[in-house]
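Proteins get letters first, then strands, A, B, ... in listed order; numbering begins at 1 in each.
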Amino acid sequence: MSYSSKYRTHHCNELGSEHIGQNVRLSGWVNSSRNLGGLVFIDLRDREGITQLFIDPETSPQLAAKAREIREEWVLAVAGTVRPRPQEMVNSSRKTGAIELELSELEILNRAKAMPYHLEDPSSSEDLRLKYRYLDMRRSGLLENLKLRHKISKVIREVLDENGFIEVETPILSKSTPEGARDYLVPSRVHQGSFYALPQAPQQYKQLLMVGGVEKYFQFARCFRDEDLRADRQPEFTQVDLEMSFVEPEQVMDIVEQLLCAVVKNIKQINVPCPFPRLSWKEAMHKYGSDKPDLRFALELQDISGIFKHSQFKAFSAALEQGGLIKALKAEGQAQKCSRKVLDQFTETARLYGAKGLVWLKVEADMSLSGSAAKFISPEEQRELLEQLQARGGDLILIVADAWKTACESLGRVRLQLAEFAGLINQNEINFLWVQEFPLLDWDEESQRFVAVHHPFTSPLDEDLQLLQSKPAEVRAKAYDVVLNGVELGGGSIRIHRPELQAQMFKSLGISDQEAKLLFGHILEAFSYGAPPHGGLAIGLDRLVMLLAGAKSIREVIAFPKTTKASCLMSNSPSAVSPAQLEELGLSLETEEGLSDQILDTKSH
RNA sequence: GGGGUUGUAGCGCAAUUGGUUAGAGCAUCGCCCUGUCACGGCGAAGGCUGCGGGUUCGAGUCCCGUCAAUCCCGCCA
């Protein structure tokens, strides 16, 4: 790579002993400067690395005088001769540590104010780093994460290109639809009172591309959802979105496996086993209490309802009477390590996810049980319990008795917490799996109707079709999620391509023909002109990069992320707009705060 | 919408049961320094303790509210 320009002939991580004697030019930022009164050392930094500059006041008094005023993060262009450092002054921790550049020219390209915080201090607060994101990039690991993201994107593009996928962009100004997340709305000036919505996903467009005969589509799609945020959720995020025609789940899963294997191979030099293991949703819930189980460790949940059919323990009998069940988790050899305090934390977790409580039992050396509810468990039940769980002295048993979903999910969360506490998780492992056969519909108490678990275009499993009218809750979908280390990385489905079935689906969702026409008319019409069978999937790129970067939050892999209240600390968005702008859009604000904000706003048109 | 944590100098922190004038380090500014690499030495300046109430003779410290950041629940097809 040639860097030659008036600013530089090399970058700052390039020069070594082989360049000694050469005249070179470098540009970059002052990482630090050390003025010893006589000798002056400056560490010059660019994207690639750091080179030490050297000025001897005896040979270059003017340069030394100029260098005296130089401060951190000033921008310099320099020229000089590469020379070896004295033997004992070699800095072996730096690639360019064997040499230094003795300056003959020094140009100050730009000065810099004192930094608002110490750029290399990892403990500096995140809001400052967000406010000065452009400074954060200079020295924290952020730039490395952006490079990693670029590399991952490149591999994904290559694999999809090699497999005949065509990258197509779809509109950002899109149409609001019910179902799913809250939309970000964009008011229309030309059509006052009407709004675009920013896409939650390019779902409908990509299906229309299939109707259009594209057959294999992909896109790095920016998606927008106006919901409350988390460490792994931003209001706008990127999906690797893909869709294929004339396929069944197998073909979609196959290409995604190829894609993810290539990424991991390229980034981590690890060959992950392919194809990925597959679990049905029901199995995942039963065994691991999660629809995105972390399989880096075993710890399977067990159904122990059978043992307690005639239990005298009210917590157990009540759950069973109400049609629930009793699930247990056995932690080998953890009885000693788990103090009362730790067990209380587990209990709190179980409660947080809806369980009424958590029963813990310690298996003593003599195989007797001790713990919160041991006295309510008969000797016969104790014997059966130990036998079913194959428990040994020193084991810890955690039990939740509740409705099926609550019991599974709450104990599933305890399972994760326990694994972390007991150090069962190998942080270097990359563990992919598929979860399939999700339910198609879910009863929503709030709206008193069925809602689509995935989205309303998801096809039911062929063998469950006949249940759609009679037992909608039991219909499984041709949907699949790819899970990495307990994180939902992506999901997709085979879509409904026949208008009759789509109409039936809308009916199940309580969407009238009229509504369907109004909201989805264009896609229904498109399907009436010969839609091919099709399906696809979307991968959360931010989450993928986060996991491979070992980052704790997707903010660390996004150049300019927003806070948990969806504001940008750097640009101060969102912000008020001028009355003139509102007027053009035919909008007026209701709140007084809104009005006063407008008056404060200085933007003029 | 709900719960937890945090908020003291530009930055990261300290300040005893509520008790004099809120401290030292880094950064900044000034002076000194010829082999540093987080250079070092001497000195100076720097504060509405997030904001608003309250309790008290007295509040950085206790109470209530509020704002912001963050983590989680709900929510996120």
Point to revise | Presence of donor-acceptor pair under 3.5 Å, side chain of A:Arg83 and base of B:G35 | key: yes
Review point. Does B:U70 have OP1 or OP2 sitting under 4.0 Å from an N or O in the side chain of A:Thr564?
Key: yes
Review point. In terms of side-chain heavy atoms, does A:Arg498 have a donor or acceptor partner in A:Gln504 at a distance below 3.5 Å?
Key: no
Practice item. Indicate, with a heavy-atom threshold strictly under 4.0 Å, whether A:Val451 touches base, sugar-phosphate, or nothing. Key: nothing
Practice item. Write down the distance between NZ (A:Lys131) and C1' (B:C11), rounded to a whole number of angstrom. Key: 13 Å
Exercise for review: Check step by step if salt bridge (Lys or Arg N to Asp or Glu O under 4.0 Å) holds for A:Arg340 and A:Asp344.
Suggested key: CA-CA 6 Å; A:Arg340 184 58 196 256; A:Asp344 283 348; 3.3 Å; yes
**Study point:** N/O (side chain, A:Arg555) to phosphate O (OP1/OP2, B:A69) under 4.0 Å
**Key:** no
Revision key, fill the gap. Considering only heavy side-chain atoms of A:Asn35, the closest of B:C33, B:A69, B:G35 is B:C33
Check your understanding: A:Leu128 near the nucleic acid: base, sugar-phosphate alone, or nothing, with a heavy-atom cut-off under 4.0 Å?
Key -> sugar-phosphate
Check your understanding: Is there a donor and acceptor pair closer than 3.5 Å between the side chain of A:Arg233 and the base of B:C75?
Key -> yes
Review point. Got a second to check how far A:Met244's CE is from A:Ile494's CD1, nearest 0.5 Å?
Key: 9.0 Å
Exercise for review: Choose from B:C72, B:C71, B:U70 the nucleotide whose nearest atom is closest to any side-chain atom of A:Arg230.
Suggested key: B:C72
Practice item. Would you indicate which nucleotide in B:U34, B:A68, B:C73 comes nearest to any side-chain atom of A:Lys565? Key: B:A68
Practice item. Evaluate whether the aromatic ring of A:Tyr117 and the six-membered ring of the B:A27 base sit under 5.5 Å apart, centre to centre, with an inclination under 30°. Key: no
Revision key, fill the gap. Here the distance between atom P of B:A38 and atom CG of A:Leu36, to the nearest Å, is 13 Å
Practice item. State which of B:G35, B:A69, B:U28 makes the closest approach to the side chain of A:Phe41. Key: B:G35
**Study point:** Short side-chain N/O contact from A:Arg71 to OP1 or OP2 of B:A27, under 4.0 Å
**Key:** no
Practice item. Among the candidates B:U36, B:U70, B:C71, find the nucleotide nearest to the side-chain atoms of A:Glu100. Key: B:U36
